[in-house]
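We're numbering straight along the sequence, starting at 1. Given the structure is predicted, the values throughout are model-derived calculations rather than measurements.
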Amino acid sequence: MTLRYAMIGGGQDAFIGAVHRKAIALDSCAEFVAGALSSTPERSIASARSLGLAPDRSYGTWQELVEKESNRSDPVDFVVIVTPNDTHHAIARACLLAGLNVVCDKPFTITSDEAKELHKLATRNNLVCAVTYTYSGYPMVRHARELAQSGKLGTIRRVFVEYHQGWLSQNIEQSGQKQASWRVDPSRAGIAGALGDIGTHAEHLARFITGCTPTEVSAHLTSFVDGRILDDDASVHVRAENNVHVTLTASQICTGEANGLSIRVYGDKAGLVWKQETPETLTLIHNDCSRTTYTRGMGNLSPIATSSTRVPAGHPEGYIEAFANIYRGVCDQINAVRTGAAETDLAGVVPNAHDGYLGIRFVEACVTSSKNNGEWTSL
């Protein structure tokens, strides 16, 4: 069944909204029918027209969209929120109170109290509330999760996860660069910069693969660029459940780096390595130093990795497809709730409001730790 969705944010000059729309369109699991796409009514309507939305579903404000869609005889099945961080809570809360399922970009909210409230609302109202931790959608990340949580690595001891970019190595926010300007502004981005923007992806990736939630952190957050208030670089030591130790680094001032997300997980039997910029392969490292390379699309993968794959090996899949896997799971979740059918395997691994809450708790603990010179801080 093809669902219908609305988008809030993601209009003209926005990067991530177009990515979401392309990902959803990939599998034709939902149709884009409504939107409030910008912060001003004029730009919002103009964006809606440029994207071919019907006039009666082209809204000037998100408040208008929530009110009118929830009162239609054919309301949208879910709302995608791709606005700056400071607006996520108010929009998602209004949607959930109006009975609308939600997919929200990360980081989920500004505070953990806000995230906890949204999780409770979604649970109480039996609504889907997903968070787009995109990298959990890669087939080889899902296979890594199966290897780690099935005991293939033995007892997990050590994790190294890094997310390194270079696009904020200069003070480009002073030139009016839209994506940079709000990300370095505490009133819009929240209490963290690089840590909140990409560090939350790294934290979720480690938790998704290992199944172990952080319990304590020792963090050092730094602003290297003059005049920048929020961190553009973060180094975090993490103690997680089951005595798993994690070293996490997230930086947006690593000059020349594009999107360097990678993870290494080591148990007492084997280790694994995955890199986002070469996402088609996953390496398993054995105690004798030999290696097994798994390739997306091959027949020796877990069922969840196989069902997350669209084309045979040798025909590369990547970022858009990973995003699309999240949305396939969301649509499966919504259909399961409505029909009473069992969730599909794709639905079962969609990051939800609780994941979003844990991500914000992580950020808050890191900021507190850094203010106290790296003091170990409980989550």
Side-chain angles (χ1 to χ4, degrees), residues 133-166 198-199 201-214 235-251 254 256-323 325 345-346 349:
Y133 286 116
T134 314
Y135 304 102
S136 64
Y138 278 100
M140 301 316 295
V141 167
R142 293 178 170 187
H143 188 60
R145 172 188 170 98
E146 291 295 312
L147 293 177
Q149 297 188 27
S150 68
K152 186 75 173 180
L153 308 184
T155 299
I156 296 173
R157 298 165 166 170
R158 201 69 172 88
V159 179
F160 297 88
V161 59
E162 61 182 36
Y163 200 157
H164 297 165
Q165 299 175 337
I198 60 176
H201 272 306
E203 183 276 330
H204 180 261
L205 183 66
R207 178 160 46 85
F208 181 81
I209 289 176
T210 67
C212 298
T213 299
S235 299
V236 187
H237 293 292
V238 183
R239 293 171 180 158
E241 294 170 330
N242 302 328
N243 197 34
V244 174
H245 287 223
V246 182
T247 298
L248 181 153
T249 57
S251 181
C254 291
E257 292 288 348
N259 204 53
L261 173 63
S262 65
I263 187 167
R264 291 169 286 155
V265 180
Y266 299 101
D268 61 359
K269 293 182 180 178
L272 61 81
V273 179
W274 180 81
K275 298 180 180 181
Q276 194 274 155
E277 291 184 335
T278 53
E280 295 278 271
T281 58
L282 171 71
T283 302
L284 186 67
I285 306 171
H286 304 284
N287 267 336
D288 62 0
C289 299
S290 64
R291 284 161 165 75
T292 300
T293 299
Y294 294 96
T295 302
R296 186 207 54 78
M298 300 300 287
N300 59 343
L301 302 180
S302 57
I304 185 64
T306 299
S307 60
S308 300
T309 295
R310 291 168 181 77
V311 297
H315 301 77
E317 292 186 4
Y319 183 65
I320 294 291
E321 289 85 354
F323 240 118
N325 283 332
D345 57 350
L346 293 178
V349 293

Atom [atom1] of [X] and atom [atom2] of [Y]: how far apart are they, to the nearest 0.5 Å?
X      : Y      : atom1 : atom2 : value
Asn259 : Gln165 : CG    : CD    : 5.0 Å
Ser262 : Glu162 : OG    : CD    : 3.5 Å
Asn325 : Ser136 : CG    : OG    : 9.0 Å
Thr309 : Met298 : OG1   : CE    : 11.5 Å
Ile263 : Phe208 : CD1   : CZ    : 11.0 Å
Leu284 : Thr293 : CG    : OG1   : 9.0 Å

Kindly say whether [Y] contributes a backbone atom to a donor-acceptor pair with the side chain of [X] at under 3.5 angstrom?
X      : Y      : value
Thr210 : Ala206 : yes
Glu317 : Arg310 : yes
Glu280 : Arg296 : no
Asn242 : Val244 : no

Considering non-hydrogen atoms only, spot the tightest contact between [X] and [Y] and give its length.
X      : Y      : result
Val238 : Pro214 : CG1-CB, 3.5 Å
Ile198 : Ser251 : CD1-O, 3.6 Å
Arg291 : Ile285 : NH2-CD1, 3.9 Å
His143 : Ala305 : CB-CB, 3.8 Å
Leu205 : Val141 : CD1-CG1, 3.7 Å
Ala313 : Thr295 : CB-CG2, 4.4 Å

Given side chains that start at C-beta, do those of [X] and [Y] come closer than 4.5 Å, heavy atoms only?
X      : Y      : result
Ser302 : Arg142 : no
Ile304 : Leu346 : yes
Val349 : Arg145 : yes
Leu301 : Met140 : yes

Start with the C-alpha distance between Gln276 and Tyr138, add both sets of side-chain angles, then the distance that settles side-chain hydrogen bond (donor to acceptor under 3.5 Å, both in side chains), and finish with yes or no. CA-CA 9 Å; Gln276 194 274 155; Tyr138 278 100; 2.6 Å; yes
Parallel, tilted or perpendicular: which describes the rings of His201 and Tyr163, with under 30° parallel and over 60° perpendicular?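 Tilted, since the angle between the ring planes falls between 30° and 60°.
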Quick one: side chains of residues 151-160, donor-acceptor pairs under 3.5 Å with protein atoms, not counting sequence neighbours, listed by atom name and distance.
| unit_1 | atom_1 | unit_2 | atom_2 | d |
| --- | --- | --- | --- | --- |
| Arg158 | NH1 | His245 | O | 3.2 |
| Arg158 | NH1 | Thr247 | OG1 | 3.1 |
| Arg158 | NH2 | Thr247 | OG1 | 2.9 |

